[in-house]
Each structure stands twice: as C-alpha cells, then as structure tokens.
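Reminder, nothing fancy here: chain letters follow the sequence lines and each chain counts from 1.
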There are 2 protein chains.
Amino acid sequence: MAVSARRGAPLTPEEICSTALRLVEEGGVEALSMRKLAAALDVNPMSLYHHVENKTALITQICQTMARRLDLLPERPGLPWQRRLRDLAHAYRRLVHRYPSLWSYIHTHPEVISGHQGGMWDVLYPILADAGVPQEERTRTADVLHGFVAGLMLTERQGALGREDPAEADRAFETAIDMIIRGLPRP
Amino acid sequence: MAVSARRGAPLTPEEICSTALRLVEEGGVEALSMRKLAAALDVNPMSLYHHVENKTALITQICQTMARRLDLLPERPGLPWQRRLRDLAHAYRRLVHRYPSLWSYIHTHPEVISGHQGGMWDVLYPILADAGVPQEERTRTADVLHGFVAGLMLTERQGALGREDPAEADRAFETAIDMIIRGLPRP
DNA sequence: ACCTGAACACCGTTCAAGT
DNA sequence: ACCTGAACACCGTTCAAGT
C-alpha cells in the first residue's frame, strides 16, 4: 500500500519541515532524529528519504525557516539610527530566545548558511550609513556587529550574563549595545 | 587477564585525556567516540569506563586541558591598557584557532564550564581597571567583552570575515578591537 | 510515484563474568 | 582492581521489494 500507516495525505515537504521544527523547539537539535521525526509523522523512517535528501539537508531547511521568523520592525527612517540599531538587536535577541538550540547549531555549522541572506542585513546597512560609517567600511562593520551580538547571545545562553538575577542579562545587553554605539567607526 | 590487549601500562587518566584531545584536534569533537578512543588506545571500549564516568565527563576534562593552554603573555603593567587588551584578545584568538571545534563545543554546551575560571579573567580585570571602567561595572563589562570576542571568533569560523581574502579576517579583528576600545564605559 | 522491512555500520552505556 | 564480551537501545542511510 502506498499511503498505509499515515492518515490520508501523502506527506508534504511543509509537513516534514514544520514537524521537524517543532521537535527542535521542544527538545533542541539533538532531539531531532530521522526516526523520531518519522514517528511524529506516523510514517516509516525510510519514507522521509523520498522528500528530503538527508538529515543535514533537512536541518538546513528548518534553519532557513527560522531565519524568516526574524520579526523586523517596519523601517522608520525618521527615528535616530541609535534607536533603530537597538531595535534590530532586540529583534535578533528575541529570535535566539525562541530557537536557542537551532541558532547555536547554525553558528557552529558554518556550512548551513552562506553569505548575507535574510532581511537583517537590508535593515542593518542603512542604519550604518545613517550612523556615518564610511561606505568602504560598512561590510566589515556589519560583520563585526553581527559577531558582537551573536557572541552576546552565546554568553547569555551560557548563563554568564546574570547568573542569579535574570534582569541582569537585560541590563548587560543594553550596556553592550551602548558600547557598540559608542564604538562605531566614524569618518 | 587484567592488562591483556594493551602493551604494558594500565591505562592512566592522562593517557586517556591526551589521546582524546588528539582525536579532537584531528577530526573535531564529532570525531570523538568512546569506541574510537578505545581503538586508538588499543583497549576494549568498556575499559574506559573504569577511568572516566562517561563521555560528557571526558569532554569536560579535555575542555579544561584546553583552557589551560591559553598562552597569556606575562603581565606588563607598564604598557598601556589598550595594548594589553589587544594582546589578550590575540591570545584568545590563537587558542580558538588551535581548537576550533572544541571551543565551539564549550560555547554551545553551557554546562561544561561554569563561572570565571581560567587565567584570562585575572588578566582582564586589571586591564579594565586601568581603562577606567568603574569598579561596579567591571564584571558586566568583562562578560560583555568576552562575548564580543567570542562572537567575533564564531563569525570568523563561519567564514563571514574575509571570505575571499584571508588577511581581511585579521583586519576585521583589529577593527573590532578598536571598536571595543572606543566603546568601553568610562566614568 | 510513493512507501516499506530488513540490513549495515555505527553510537553510548550496563552488567555479569572473567583474571 | 582492572579488564572484557555480549547485550540493549539507540543512530543515519542503502537497497531491493512491494503497491
């Protein structure tokens, strides 16, 4: 039989991807296995391989889905760049809080995301321009800034920011953004 | 027989740890398995469990060994703090270049290292003091700085700094340290 | 075209049995 | 005290066989 164990539908890529993402949200990337995913979909483990090349390809897919969930505020060129930079950093932080394990995975597996894809960079560049960062330094500055904020999240996830007091992590994050704003290269 | 397959010696903790670290240096943390480690030591896989509680305990041990390899320059209070901060950052970077995979592992597995252990912090605090960072902000600033540099390394490892030109990664690192120096909180 | 079971080559770890 | 083999419960993935 061609669609036996499963209810009706013949196992769409979307269903696979969203179920996989759910497993990751619940138990981290290490909780995702092809066999558990198949069980969650009520399907034979091997059926998955007709829709997904392999496990790493699947993870790459759910990473891209995650990246699309960065909830950027609408562009508001009227606001000062400091404010927009702060808001962007907070959006990034919210995303990491939502998918901590998957986010870590991406940043330890360079191969899954290549280049400046995702809406974040389109928001960041105009901010840097308004901040007066010279054109020829903007790419480098953007990479460094992303690194800074990513490292902050790494540290927060390690519990190094505010071990006892949870509000301390928020405060440290603000301090960090202040440092970044002060430190930006000016002409 | 009690020491059969192995040559003479009865399998010391040091031997286990150093061999495990070698496997990690060669193939990353994902290349370390209890069974491969046993093979490298020419021993039955189960023998390891008489010297090591389990795999995570073993990894924690080799992480601590790695942390001890941070080659700090001797303290030179005569030099300006900017210079000392830069040197410390470079020592950190060298360590990450030497153990990229293990370093990533630590920063994605918060449980393996807890608190400010390791000589780095003893070097960092006096630098921050000389930089004029107020006493009550030093802990937070130190955590943020560590986060910044760690994030930089993460980004570098992802290839985001200087994809084509390898010297660009060096330049981006210097730019980043400049930003940090400019951005430090002052009284 | 899509699904499946058996199989292969791996894991970490437990446990009873050996010396 | 230290080592070991067999076993358990997992992996990802291939492949030939089913409908």
Report task. Between A:Glu53 and B:Arg35, just flag the one whose closest nucleotide in DNA chain D comes earlier from the 5' side. Result ->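 Upstream on the strand: B:Arg35.
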Report task. Map A:His50 and A:Lys55 onto DNA chain D by nearest heavy atom, then report which one ends up closer to the 5' terminus. Result ->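 This one resolves to A:Lys55.
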Query raised in the report: Using the ring of each side chain (for Trp, its six-membered ring), is A:Tyr125 parallel, tilted or perpendicular to A:Trp121, with breaks at 30° and 60°?
Result: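 Answer is tilted, since the angle falls between 30° and 60°.
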Query raised in the report: So A:His107 and A:Trp103, would you call those rings parallel, tilted or perpendicular, with 30° and 60° as cut-offs?
Result: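 Tilted: the ring planes of A:His107 and A:Trp103 meet at 30° to 60°.
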**Report entry** From D:dT13, C:dC3, C:dT14, nucleotide with atom closest to B:Tyr49 side chain
**Finding:**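 Nearest to the side chain of B:Tyr49 among the choices is C:dT14.
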Query raised in the report: Of the candidate nucleotides D:dG12, D:dC3, C:dT13, which contains the atom at the shortest distance from the side chain of A:Met34?
Result: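 The answer is D:dG12.
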Would you kindly give the [atom1]-to-[atom2] distance between [X] and [N], to the nearest whole Å?
X       : N      : atom1 : atom2 : value
A:Leu32 : D:dT13 : CG    : P     : 11 Å
B:Asp42 : D:dC2  : CG    : P     : 19 Å
B:Glu30 : C:dC10 : CD    : C1'   : 15 Å
A:Leu23 : D:dC11 : CG    : C1'   : 15 Å
A:Asn44 : D:dA17 : CG    : P     : 17 Å
B:Leu41 : D:dC2  : CG    : P     : 16 Å
B:Glu15 : D:dC2  : CD    : P     : 14 Å
B:Leu48 : D:dT4  : CG    : C1'   : 12 Å

Query raised in the report: Do A:Arg138 side-chain atoms and A:Leu128 backbone N/O form a donor-acceptor pair below 3.5 Å?
Result: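 No, A:Arg138 side chain to A:Leu128 backbone: no donor-acceptor pair under 3.5 Å.
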[N] phosphate, OP1 or OP2: any side-chain N/O from [X] under 4.0 angstrom?
X       : N      : answer
B:Ser47 : D:dT4  : yes
B:Asn54 : C:dG12 : no
A:His51 : C:dA1  : no

Requested in this report: Classify the nucleic acid contact of A:Met46 as base, sugar-phosphate or nothing, counting any heavy atom under 4.0 Å across all strands shown.
Outcome: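 A:Met46: base contact, heavy atoms under 4.0 Å.
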Requested in this report: For A:Ser33, report the nucleic acid contact type (base, sugar-phosphate, nothing); a contact means any heavy atom under 4.0 Å.
Outcome: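 The answer is sugar-phosphate, as A:Ser33 gets under 4.0 Å only of primed atoms, P, OP1 or OP2.
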Query raised in the report: Is a salt bridge present between A:Asp87 and A:Arg83, judged by a nitrogen-to-oxygen distance below 4.0 Å?
Result: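 Salt bridge flag = yes for A:Arg83 with A:Asp87.
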Query raised in the report: Should the pair A:Glu168-A:Arg171 be classified as a salt bridge under the 4.0 Å nitrogen-to-oxygen rule?
Result: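 A salt bridge is present here (some side-chain N lies under 4.0 Å from a carboxylate O).
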Query raised in the report: Quick check: are there more than 12 heavy atoms from other residues, nucleotides or ligands sitting under 6.0 Å from CD of A:Glu53?
Result: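 No, CD of A:Glu53 has 12 or fewer neighbouring heavy atoms, counting only those of other groups under 6.0 Å.
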Query - B:Asp71 vs B:Arg98, side-chain contact (heavy atoms from CB on, under 4.5 Å): CA-CA, chis, key distance, verdict - result: CA-CA 11 Å; B:Asp71 58 334; B:Arg98 183 166 169 197; over 6 Å; no
Requested in this report: Enumerate, in order of first residue number, the stems that involve DNA chain C, defined as 3 or more consecutive Watson-Crick or G-U wobble pairs with both distances under 3.5 Å.
Outcome: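 DNA chain C stems, ordered by first number: C:4-8 with D:12-16, C:12-16 with D:4-8.
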